[in-house]
*Asks:* 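I'd like to ask some things about the structure below.
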Amino acid sequence: MYSETRNKLFQQLNTNTNITDLIDKYESQNMIVNDEITDSNWSNKQSTINFYRSLTDDFEKYDDDTYMCNCRAALRSDSINIAETIKAELHEKTIDGFMFVVTFTGTIKPFDETDNYNTVININVRQK
Amino acid sequence: MSTLTKILKGSYDVYVKDATTQSLIVIAERFVAEAKSLSPIDLGQLRNAIMYTLSKMQGGFNDNSGESASFEIRKPSKDNEAYVGFNLLYGIYQEFGTKTMKPQPFMRLAYEIIVNNKSTLDAIAEINRQQMKLNLSNYTRKESYNV
């Protein structure tokens with residue numbers, strides 16, 4: 001189910017200390033959100049993660065969801081570092097019956113002064 | 001060269017070589033058409049920038065109404081390659097979004113429609129197979145008239 005894969009991915013990103021160490025905090029919460037854009041209160045100087053279900057999903061495959069994960073940071077190297085850490089922690093690992101497959105798409109430079117570097121990764125979550 | 005060898009060689013050319021190029025064009029044209037129909041439109045420059053190129057031909061560039069695009073994508077160096085995309089700075093931000101702007105994916109969706117829940121290789125192979133069948137039936141019809 002979509003909600004289960006989403007919750008599992010959010011939980012993994014939010015509790016894995018290797019990942020959360022690289023992410024800034026807002027009001028003691030990790031700056032990780034399940035949305036297409038980041039919170040408007042978050043600065044573009046901070047390292048954040050936002051992920052959303054890919055629109056290209058086959059909705060009949062209820063046990064297999066793909067998420068686009070935006071790893072955002074002020075520096076290109078930081079943005080790539082977050083993405084690489086997520087891959088190192090989740091790729092081809094099965095956790096509580098959920099298997100994660102992580103693939104890189106690329107790093108996009110900031111569009112303007114309000115934007116930041118964005119390394120986009122695909123995370124496919126399969127439920128056994 | 002015997003007649004049979006001629007027919008076999010001719011059939012190889014149309015059956016495999018020509019069909020591969022033609023199926024590449026079919027895939028690229030479908031991809032471009034889907035991407036154009038899904039692309040966000042304001043002045044139309046992004047839609048006009050979406051195009052495909054093969055080493056000897058191209059299509060889709062500036063063939064819609066609206067503001068014209070300025071730059072084409074580069075051509076592939078090899079014969080059996082096709083590129084589909086756009087050479088426009090803000091296009092990638094439409095596809096993937098920015099910190100404050102939601103993404104409006106059109107290339108990824110177009111790709112999914114073409115691939116249709118198969119693997120990329122399977123999707124290409126299927127279109128290639130259809131093209132080979134079509135070419136061979138046209139070729140054998142032509143040869144039978146000649147005989």
Side-chain angles (χ1 to χ4, degrees), chain A residues 24 26 31 33-74 78-79 83 101 103-122 124, chain B residues 27-28 30-43 45-47 49-50 69-71 73-74 83-124 126-127:
Chain A
D24 286 306
Y26 182 77
M31 289 176 152
V33 65
N34 171 212
D35 200 352
E36 291 174 318
I37 51 174
T38 55
D39 194 301
S40 56
N41 293 318
W42 299 357
S43 155
N44 63 338
K45 306 288 178 213
Q46 291 166 311
S47 298
T48 63
I49 294 175
N50 69 295
F51 67 94
Y52 55 95
R53 194 186 190 196
S54 169
L55 292 173
T56 58
D57 267 352
D58 172 11
F59 292 102
E60 289 168 10
K61 288 186 193 170
Y62 56 87
D63 55 351
D64 181 350
D65 294 313
T66 303
Y67 296 88
M68 300 298 295
C69 182
N70 294 338
C71 307
R72 295 187 169 277
D78 288 349
S79 165
V101 178
T103 47
F104 271 76
T105 300
T107 304
I108 304 167
K109 65 181 182 179
F111 178 62
D112 54 22
E113 66 280 359
T114 64
D115 199 10
N116 48 14
Y117 281 96
N118 177 18
T119 301
V120 184
I121 52 175
N122 271 305
N124 183 249
Chain B
I27 294 166
R30 278 191 205 169
F31 200 142
V32 166
E34 294 292 351
K36 279 177 184 277
S37 69
L38 294 165
S39 67
I41 298 162
D42 182 13
L43 299 173
Q45 199 179 21
L46 177 60
R47 185 176 57 180
I50 300 168
S70 306
F71 303 105
I73 58 172
R74 68 187 172 94
Y83 291 164
V84 177
F86 49 83
N87 189 354
L88 193 64
L89 179 67
Y90 68 81
I92 196 160
Y93 300 104
Q94 295 287 356
E95 178 76 28
F96 291 102
T98 68
K99 188 181 171 297
T100 51
M101 186 181 78
K102 286 191 176 187
Q104 299 179 70
F106 56 98
M107 295 300 283
R108 282 177 282 170
L109 278 178
Y111 167 79
E112 280 299 320
I113 290 167
I114 300 298
V115 168
N116 193 18
N117 296 326
K118 298 186 202 81
S119 77
T120 311
L121 277 179
D122 285 348
I124 293 171
E126 190 183 313
I127 294 171

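For clarity, every value in this text was computed on a predicted model and none was experimentally measured. Keep in mind that the numbers below use all heavy atoms, side chains included, and drop hydrogens, waters and symmetry copies. Chain naming here is simple, since letters A, B, ... match the order of the sequence lines and numbering starts at 1 in each.
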*Asks:* Answer yes or no: does atom OH of B:Tyr90 have more than 12 heavy-atom neighbours from other residues, nucleotides or ligands under 6.0 Å?
*Replies:*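 Enclosed: over 12 neighbouring heavy atoms sit under 6.0 Å from OH of B:Tyr90.
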
*Asks:* What option among A:Val120, A:Asn118, A:Asp112 has the most heavy-atom pairs under 4.5 Å with chain B?
*Replies:* A:Val120

*Asks:* What part of B:Phe96 is in contact with chain A, defined as an atom under 4.5 angstrom from a non-hydrogen atom: side chain, backbone, both or neither?
*Replies:*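 Both parts, backbone and side chain.
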
*Asks:* Measure across B:Lys99 and A:Ile37 and return the closest heavy-atom pair with its distance rounded to 0.1 Å.
*Replies:* O-CB, 3.6 Å

*Asks:* For A:Tyr52 versus B:Pro103, what's the shortest heavy-atom pair and its separation?
*Replies:* OH-CG, 3.4 Å

*Asks:* With respect to chain A, which residue among B:Thr100, B:Leu89, B:Thr98, B:Ile113 yields the maximal number of heavy-atom pairs within a distance under 4.5 Å?
*Replies:* B:Thr98

*Asks:* Quick one: CD on B:Glu112 to OG1 on A:Thr66, what's the gap to the nearest 0.5 Å?
*Replies:* 8.0 Å

*Asks:* Does any heavy atom of chain B fall under 4.5 Å from the side chain of A:Asn50, the backbone, both, or neither of them?
*Replies:*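 For A:Asn50, no heavy atom lies under 4.5 Å from chain B.
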
*Asks:* Side chain, backbone, both or neither: which part of A:Thr48 has a non-hydrogen atom closer than 4.5 Å to chain B?
*Replies:*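 Neither part.
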
*Asks:* Once side-chain contact (heavy atoms from CB on, under 4.5 Å) is applied, do any residues pair with B:Ile73, and if so which ones, sequence neighbours excluded?
*Replies:* B:Met51, B:Thr53, B:Tyr83, B:Asn87

*Asks:* Shorter than 4.5 Å, heavy atoms on both sides: which option in A:Thr114, A:Ile108, A:Asp35 has the most such pairs with chain B?
*Replies:*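 Among the listed options, the one with the most contacts to chain B is A:Ile108.
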
